[in-house]
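Working notes for the structure below.
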Amino acid sequence: MTDALLTVFGLGKRFGGFVALADIELEVKKGERLGLIGPNGSGKSTLVNCLCGTLRNDTGSVRFDGRTLDGLKAHERTRLGMARSFQLPRPFGTMTLAENLRIPLLYVVQLRKAVPNVDRRCVELLDLVGLADKADHLPADLTQIEMRKLELARAMAAEPSLLIADEAMAGLSNREVDEILALLMRMNEQQGVTIVMIEHIMRAVMHFSQRLVVLVAGRKIADGDPAEIVRQDDVVAAYLGS
Amino acid sequence: MRNPVFFLCLCVVAVATYGVAKFIDNAYVFFAGYVVLQYIVLSTGWNILGGYTGYVNFGTAAFFAAGAYSTVVWHKTVPDMPLPVMMLIGGAIAALLGLGTGYLTLRLRGTFFGIATLAMSVVMQTLITNWSFVGGSRGAYVVRPDATDWFGIDYIEYLFLLMLGLSVIAVGIARAIEQSRLGYGFATIRDDELAAEASGVPTLRLKLLATALSGGFMGMAGAPLPYYVTYLDPASGFSLSYAVNTIAMPLIGGTSSWLGPVIGAVLLGTLQQLATVTISSALSLLIVGVLLVVFVVAAPKGIIGWFAPRKGKPGAQP
């Protein structure tokens, strides 16, 4: 238990009469790469929103880095080291790319330590995702994959210990998927960031994840070694029908 | 330009403005100039909420009148209180009103926020109309001294100077915000509140700060009004033209920077004053309407949008 970064106990969320999530138990270890899969509408994004504080969970609780997060707002959780990227990129549209990255530097990193040269740090961060030459452009100029990279760069700018990447590759071509995968791998291996990846692209998930969790209809039905999980009968049934 | 240097430049401009007004040597210049300056403060205050955070406030009149009626109350209870103190109190009351409005309505976005602020203005007007201590629907008379103890200058000139000082402070603060951490925070609220929260921005706190600051400046702009008009009734204090002008001026000048509201207020305010003298005061709202239509078509980013350097490659969304 000592090396658990994120622990979820009995988490539940209802929208009116619809049970979106029920009794979710989850543990993510420090430095782990976890894949979270499930058919459409299985509650993956709801879980992410509950973890990040965008939605309030009805039951259960979330522990992160030795603290209970219940009742904390989204920005407070980000400041504790939990970052997310959005499924559909949500850049700050009137700001340049460099300014986009400036926000988490000003509102998260600078609360922990001094950032000597914010402008240079923005460009460095853009350089990590290969967007340094577009630092003064607006997000509207970017292609789809560049937008995803910006989204990841902004999440990483907050120097998180946990990154939740919500379908960072949906709609990208094979080569682009590889590019984002390599990026996430680098963040995990070089900077020691724990990553929870939510993804539909099975090739990416299988390649990336050390462990796989499967959600179906708001319940966790499997948790373990990826290669074994995908052969499990109920997982196959959930995806392909029995 | 660093903030203290900029502030000094503003002071120089203000002194020059006063010098020119004094040189023309016509009391009416101060009378008309006061209105233009009042609109600089109003539109700069409006822009802190409307331009920086993107919450369009239709309730300018409520904040403006809150400041004005607070002065009426002090004039009746503590008539010896100096006007600058009344302005500070009026500003504080309007800031509190802004904080309350913010807390109750900031879950609303876009049009809904606009409608809520408009409704608040109507509710406030009804309350004041039924409050006989401040004159109710009959209105309140405020006896204005002819001259001040201060070098014996004319009272209208004194009001002009007060508003000039307030404009300097308002514009100075607006610009300081724009280039600060706070300004970046406000801009994230305008762009995407969810992403702002995910990037560590405490959106609710910043929105409340914006409504309070914005309301406070509008209240301070309204506080000297009773002494300026000497007769204040709810219909004129809560006039729709305040709300319309205060929205039109930043839109015409440009909402993205401190300079926009100033340009808009000087341009539109001066035009309206000229029209009032030469043609008719009824024309001023027509001018606003026509200019607004022209600018929405010709300069959607306002006048400063013509000159601001485009970000990114040519043809990019500015």
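Naming convention: chains lettered A, B, ... in sequence-line order (proteins, then strands); numbering from 1 in each chain.
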Report summary line: Interface check, chain A: of Ser199(B), Ser256(B), Gly185(B), most non-hydrogen pairs under 4.5 Å belong to Ser199(B)

Requested in this report: Report yes or no: is the cationic atom of Arg181(B) (NZ for Lys, CZ for Arg) closer than 6.0 Å to the six-membered ring centre of Tyr107(A), at no more than 45° off its axis?
Outcome: yes

Report summary line: From the list Ala74(A), Gly53(A), Ala83(A), the residue making the most non-hydrogen contacts under 4.5 Å with chain B is Ala74(A)

Report task. Tell me, for Arg77(A) versus chain B, whether the close heavy atoms (under 4.5 Å) come from the side chain, the backbone, both or neither. Result -> neither

Query - Ile189(B), part contacting chain A, at a heavy-atom distance under 4.5 Å - result: neither

Query raised in the report: Does any heavy atom of chain B fall under 4.5 Å from the side chain of Arg79(A), the backbone, both, or neither of them?
Result: side chain

Query raised in the report: Between Gln110(A), Arg102(A), Met82(A), which residue shows the highest count of heavy-atom pairs closer than 4.5 Å to chain B?
Result: Arg102(A)

Report summary line: Among Leu105(A), Thr54(A), Ile103(A), the residue with the most heavy-atom pairs under 4.5 Å to chain B is Ile103(A)

Query raised in the report: When you measure from the centre of the six-membered ring of Phe86(A), is the NZ or CZ of Arg148(A) under 6.0 Å away and within 45° of the axis?
Result: no

Report summary line: Between Ala14(B) and Val168(B), the two heavy atoms sitting closest are CB-CG2, 3.6 Å

Query raised in the report: Is the NZ or CZ atom of Arg190(B) both under 6.0 Å from the centre of the six-membered ring of Tyr52(B) and within 45° of that ring's axis?
Result: no

Report task. Pick one of side chain, backbone, both or neither for Leu111(A), based on which atoms fall under 4.5 Å of a heavy atom in chain B. Result -> side chain

Query raised in the report: Closest heavy-atom contact between Ile164(A) and Cys52(A)?
Result: CD1-SG, 4.0 Å

Requested in this report: Tell me yes or no: between the side chains of Gln272(B) and Asn245(B), is some donor less than 3.5 Å from an acceptor?
Outcome: yes

**Report entry** Choice from Ala198(B), Pro202(B), Ala187(B) maximising heavy atom contacts with chain A below 4.5 Å
**Finding:** Pro202(B)

**Report entry** Glu197(B)-Thr203(B) side chain donor-acceptor pair, cut-off 3.5 Å
**Finding:** yes

